[in-house]
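The block underneath contains the structure these notes are about, expressed in structure tokens.
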Protein chains: 2
Amino acid sequence: MPPTLPPAIRTLTALGEMRVWSVLITIFGDAIAPRGGVAPAAALQALVARLGIKPEATRVALHRLVKDEWIARQKSGRQSFYGLTDAGEAEFLTARKRIYAPAPALHDPWRLILVETPPAATDLIEIGPQVFLGHRGSDIPDDALSLSGTIDALPDWAMHRLAPNGLQRDYADLEQALIAATVQPIGAPEDAAGLRILIIHQWRRLLHRHADLPPAFFPAHWRGEACRTLVRDLHASLSETADPWLDDIVGAPLLASAS
Amino acid sequence: MPPTLPPAIRTLTALGEMRVWSVLITIFGDAIAPRGGVAPAAALQALVARLGIKPEATRVALHRLVKDEWIARQKSGRQSFYGLTDAGEAEFLTARKRIYAPAPALHDPWRLILVETPPAATDLIEIGPQVFLGHRGSDIPDDALSLSGTIDALPDWAMHRLAPNGLQRDYADLEQALIAATVQPIGAPEDAAGLRILIIHQWRRLLHRHADLPPAFFPAHWRGEACRTLVRDLHASLSETADPWLDDIVGAPLLASAS
């Protein structure tokens, strides 16, 4: 990683998983989707470069996202553009709702569901052998016993099933990195944009590891909600500097209407 | 079995399990407990004789109940008496509540309880691996996840777990026997007392095989509640003839105060 990257970017990058295709998904969700969903290849390269990712790795990752039909490549003269497909757009919409929400979405009444055979695809949360936690909006699988109401008792072992191993520490680490980012000066708009993307990327990565439940469902010292507040505050303050620069390099509103 | 037994008694006896110590428990619950809990050995022998049970089998069963501390033997001159112990009395009180109740006792809100290790002793109803059904009054085991509320969905497999194999057919058979008993004339008061005890015995035996849940928890064509109505009606009509005879042979109010 080039030593010229700002310290806040280095700290957040060091938190873990920075697979390039996944970072590109964050970029599309945070910076491209709100600008019409289409970006010049050059703008994407400029953005990932701010995170210390090599152009060759970016090309490979873009190729994979095209193959998986998240995005599609378009040519206009000698310029390449990448735009979200309809399927990609739909996936982002769901993910964005959770990532940028001011609070966890799920709330009571809860459902406790017992099945004979585990359902193939489900938005239910597995909490025991053949037992799932759901909420009012959850579909009840065929042939399931379902009770809906309020939770009387939630023991430690259940909290630890809802928060996988290591997740608590990862949130604590993210919180420390976010606090550090709050006090480190960010000068250039491209660094503000890069840092904003990294913050969302690391936040998104941890969110994906657990259900969208209120803090009462998680073990003591859960830092998930503290991180949410820091993410939202940092996103807002970095956007003041980052948004004009992104508008400039993505310039999507025009391209989107032409795509 | 002696061919002199009335047809209604023969039909109910033929329904199954007539272990003598268990029949004696029914007799204590139905005829002795309401008369102070103490009966002369001769009265017990007179009662079981009406059901075709031999005196020797009765002596063996009484011995077992004394050994298990359900009842205690007392002597007065050359007469033997058997009386409920305090522990026996307490057991009967709980059982009687259910046997003579006009309707199932359990009602919503229900609890669905998930445990890590199954509780040793519990009034909860096992419904799945590590999963128990309870109601508002149920104790929640330590370390259990518990949700209380209303049941959204109760599939067939759950109903069949609540009603063990064969129980539905056994209730249907009991119903037929009770209907037959309703139309068969009972002349002698000792036969009315014997039939009443048999009806309670066979009803108690089936009740013990399932939880005290409303009919909605059981499979279609559940005859449990139809049997309850017949049992209560027959018990009331047989008591008119049986009670004066029982008062006479048990004569317990006086003995109870002396015990």
Side-chain angles (χ1 to χ4, degrees), chain A residues 106-120 122-165 210-211 213-220 222, chain B residues 106-120 122-165 210-211 213-220 222:
Chain A
L106 304 183
H107 56 83
D108 63 335
W110 304 103
R111 282 207 166 114
L112 201 58
I113 292 172
L114 175 63
V115 297
E116 263 206 310
T117 40
T122 179
D123 65 338
L124 300 171
I125 304 153
E126 193 162 5
I127 185 87
Q130 303 173 17
V131 185
F132 294 83
L133 181 70
H135 57 100
R136 184 173 36 194
S138 308
D139 283 340
I140 303 171
D142 285 346
D143 252 13
L145 167 63
S146 170
L147 188 104
S148 65
T150 53
I151 288 181
D152 306 309
L154 190 72
D156 278 351
W157 62 259
M159 290 182 174
H160 284 96
R161 282 188 197 168
L162 295 170
N165 270 346
H210 64 90
L213 293 163
F217 281 83
F218 297 108
W222 177 252
Chain B
L106 305 184
H107 56 83
D108 64 337
W110 304 104
R111 283 207 166 114
L112 201 58
I113 292 172
L114 175 62
V115 298
E116 263 205 311
T117 40
T122 178
D123 65 338
L124 300 170
I125 304 153
E126 194 162 6
I127 185 88
Q130 303 172 18
V131 186
F132 294 83
L133 182 70
H135 57 100
R136 185 174 34 193
S138 308
D139 282 339
I140 303 170
D142 286 344
D143 254 13
L145 168 63
S146 170
L147 189 103
S148 64
T150 54
I151 288 182
D152 306 309
L154 189 72
D156 277 352
W157 62 258
M159 289 182 175
H160 283 96
R161 282 188 197 169
L162 295 170
N165 270 347
H210 65 90
L213 293 163
F217 281 83
F218 297 107
W222 177 251

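Labels below follow one simple rule: chain letters A, B, ... track the order of the sequence lines, proteins then strands, and each chain is numbered from 1.
Screening B/I140, B/L145, B/D142, B/V115 against A/P155 for a side chain to side chain contact (heavy atoms under 4.5 Å, CB included) leaves a single residue, B/L145.
Of the listed residues B/S146, B/G149, B/A158, the one with more heavy-atom pairs under 4.5 angstrom with chain A than any other is B/S146. For the set B/L114, B/L147, B/L154, the entry with the most heavy-atom pairs within less than 4.5 Å of chain A is B/L147.
A/H135 and A/L106 get closest at one heavy-atom pair: NE2-CD2, 3.2 Å.
For CG of A/D108, the number of neighbouring non-hydrogen atoms (other residues, nucleotides, ligands) closer than 6.0 Å is greater than 12.
In this structure, chain A has a heavy atom under 4.5 Å from the side chain of B/Q130, while its backbone stays farther away.
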Quiz prompt | Worked verdict on A/H210 versus A/F217 for ring pair (Phe, Tyr, Trp, His ring centres under 6.0 Å) | solution = CA-CA 11 Å; A/H210 64 90; A/F217 281 83; over 10 Å; no

